[in-house]
Q: 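Below you'll find the structure I mean.
Bear in mind that the values here come from a model prediction, so they are computed numbers and not experimental data. These numbers come from the heavy atoms of this one structure, side chains and all, not from hydrogens, waters or symmetry mates.
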Amino acid sequence: MGDTETETGAERGLAGFSTRAIHAGQDPEPTTGAVIPPISLSTTFAQDGVGNHKGFEYSRSGNPTRTAMEIQVASLEEARYGMAFASGLAAEDNILRLLTQGQRVILGNDAYGGTFRLISKVWAPLGFPWSAVDLTDLDGLRDNWPSDTGMVWLETPTNPLLTCFDIEAIVSIAHERGAIVVVDNTFATPYLQQPITLGADIVVHSATKYLGGHSDVVGGFVATSDDGLAERLSFTQNAAGAVPSPFDCYLVLRGVKTLAVRMDRHCENARAVVDLLVDHDAVERVLYPQLPDHPGHEAAAKQMRDFGGMVSFTLRAGRDAAMRVAAATSIFTLAESLGAVESLIEHPGAMTHMSAAGSPLEVPDNLIRLSVGIEDAHDLVDDLAAALDTI
Ligand code: P1T
């Protein structure tokens, strides 16, 4: 397992990950001493004279609660700049605005269905071509590089197949050819993987997931250390205005404080679930980056601290059995989304990835995806075993 964050953080003189999660951007409030950043609901801020203000003018452009959270999450990504958005897809849409018409997006051939829909159904008709590429095949990427490529967009681990891509290697290929690299770090979180330290230009998050961590806030986040990209991204953040509310920012800020302890438990519980699945007769294949035969296992072992809380698997008995198992658990709740304290189960083909049907990103119809929560591992294993027995 890699442990790049702690080493890199220490080398750079940064405080440890959880210290930053709990303190970065969160100095006690100067007038009252409040230890927790207040939820600043004011939409506007008084000026002493025209243009003479205390750093805030209007809450779409900047808000103190949002700033606290932006500093906190950017610090965890070891990025110089962070920008919060109303959802993960709003954050993604803001990044795609960096392209000029005619520039291509190379998308990893497994990704969240909504990301695929945004790129292929919203941006492509406006004149932004895209291709789905197997980014585990680095020679193929080099040899078949479309000359109009402006951006490589990848998730690692991917949603829902959990394939892992070698960020450093892809960055080197893309940069040699003049393209920028965007890494969706939603599944790994900055606790397990920090793409900016591996050369990625931009990191994007659905903060709805592990950052928030409690299934009670929809949000997005963009981080970068590039001055020029940050200037353009923050210009559009304000100009297009897809910003989160102060209350939503507070919920993410609060969730992130416990990210490290939650992720350790997610990973531990995921391993217990994987142990059940790999030995189960009904299971055709288990997809988890720690398994030595998993696509991208080596990349994951190199660039991640641990292997995450998401587990997918296919069933020998096919689609209908997958549908039945997804509805048969009692602790795992049948629902979309992921990354929170409670365990969720879903059928990607009919739920989160329905928009990818018939495309190169279509997922197997006997696939089940688990977001393994932080309940007691033995309860999760028993619940899943009982559901598999219904086949
Ligand atoms: O839902 P939203 O906050 O807009 O984030 C979109 C998004 C972006 N990137 C990844 C990797 C994601 O998984 C998501 C959202 N995914 C789900 C809702 C899901 O159940 O897979």
Q: Any Lys/Arg nitrogen of Asp306 or Arg271 sitting under 4.0 Å from an Asp/Glu carboxylate oxygen of the other?
A: yes
Q: Does any N or O in the side chain of Thr186 come within less than 3.5 Å of the main-chain N or O of Ser206, such that one atom is a donor and the other an acceptor?
A: yes
Q: Is it the case that one hydrophobic cluster holds both Ile180 and Leu138, taking links as side-chain heavy atoms less than 4.5 Å apart, direct or via other members?
A: no
Q: Taking the side chain from Asp383 and the backbone from Ile331, do they hold a donor-acceptor pair closer than 3.5 Å?
A: yes
Q: Between Gln103 and Thr100, does the side-chain hydrogen bond (donor to acceptor under 3.5 Å, both in side chains) criterion hold? Intermediate values first, please.
A: CA-CA 6 Å; Gln103 279 190 308; Thr100 48; 3.3 Å; yes
Q: Please determine whether residues Leu233 and Met151 belong to a single hydrophobic cluster, defined as Ile, Leu, Val, Met, Phe, Trp and Tyr linked transitively by side-chain heavy-atom distances below 4.5 Å.
A: yes
Q: For Ser234 and Gln237, does a side-chain donor sit closer than 3.5 Å to a side-chain acceptor?
A: no
Q: Under a 3.5 Å cutoff, is there a donor and acceptor pairing between the side chains of Ser75 and Glu77?
A: no
Q: Answer with yes or no whether the hydrophobic clustering places Val182 together with Leu99; edges join I, L, V, M, F, W, Y residues whose side-chain heavy atoms lie under 4.5 Å apart.
A: yes
Q: Using the rule that Ile, Leu, Val, Met, Phe, Trp and Tyr join whenever any side-chain heavy atoms are under 4.5 Å apart, tell me whether Met310 and Leu259 fall into a single cluster.
A: yes
Q: Run the numbers on Thr115 and Glu92 for side-chain contact (heavy atoms from CB on, under 4.5 Å), then give the verdict.
A: CA-CA 8 Å; Thr115 301; Glu92 296 184 9; 2.9 Å; yes
Q: Is it true that Lys257 and Gln26 share a donor-acceptor pair across their side chains at a distance under 3.5 Å?
A: yes
Q: Return yes if some donor-acceptor pair links the side-chain N/O of Glu155 with the main-chain N/O of Tyr112 below 3.5 Å, else return no.
A: yes
Q: Any sub-3.5 Å donor-acceptor pair from Arg20's side-chain atoms to Gln72's backbone N or O?
A: no
Q: May I have the step-by-step check of ring-ring contact (aromatic ring centres under 6.0 Å, His included) for His353 and Phe116, ending in yes or no?
A: CA-CA 9 Å; His353 290 68; Phe116 163 74; 9.5 Å; no
Q: Does a side-chain N-to-carboxylate-O contact under 4.0 Å join Asp281 and Arg316?
A: no
Q: Going through the checks in order, is the salt bridge (Lys or Arg N to Asp or Glu O under 4.0 Å) test met by Asp376 and Arg265?
A: CA-CA 9 Å; Asp376 292 287; Arg265 179 69 170 251; 3.8 Å; yes
Q: Just to verify, which of Leu141, Val152, Asp110, Thr158 counts as forming a side-chain contact (heavy atoms from CB on, under 4.5 Å) with Phe165?
A: Thr158
Q: Grouping I, L, V, M, F, W and Y whenever their side-chain heavy atoms are under 4.5 Å apart, do Ile36 and Val217 come out in a common cluster?
A: yes
Q: Can you find a side-chain donor-acceptor pair between Asp226 and Thr224 that sits under 3.5 Å?
A: no
Q: Judged by atom type as modelled, is there a donor-acceptor pair below 3.5 Å linking the side chain of Thr208 to the main-chain atoms of Val218?
A: no
Q: Are there more than 12 heavy atoms of other residues, nucleotides or ligands under 6.0 Å from atom CZ of Arg254?
A: no
Q: Could you report the tightest heavy-atom contact between Val341 and Arg262, atom names first, then the distance?
A: CG1-CD, 3.9 Å
Q: Do Asp93 and Arg97 sit within salt-bridge range, that is, some charged N less than 4.0 Å from a carboxylate O?
A: yes
Q: Got a salt bridge between Glu70 and Arg66, using NZ or NE/NH1/NH2 to carboxylate O under 4.0 Å?
A: yes
Q: Please name the pair of heavy atoms, one in Leu361 and one in Gly108, separated by the smallest distance, quoted to 0.1 Å.
A: CD2-O, 4.1 Å
Q: Thinking salt bridges, do Asp293 and Arg285 make one under a 4.0 Å N-O criterion?
A: no
Q: Between atom CG of Leu370 and atom CZ of Phe332, what is the distance when rounded to the nearest 0.5 Å?
A: 5.0 Å
Q: Can we call the ring centroids of Phe17 and Tyr191 under 6.0 Å apart?
A: yes
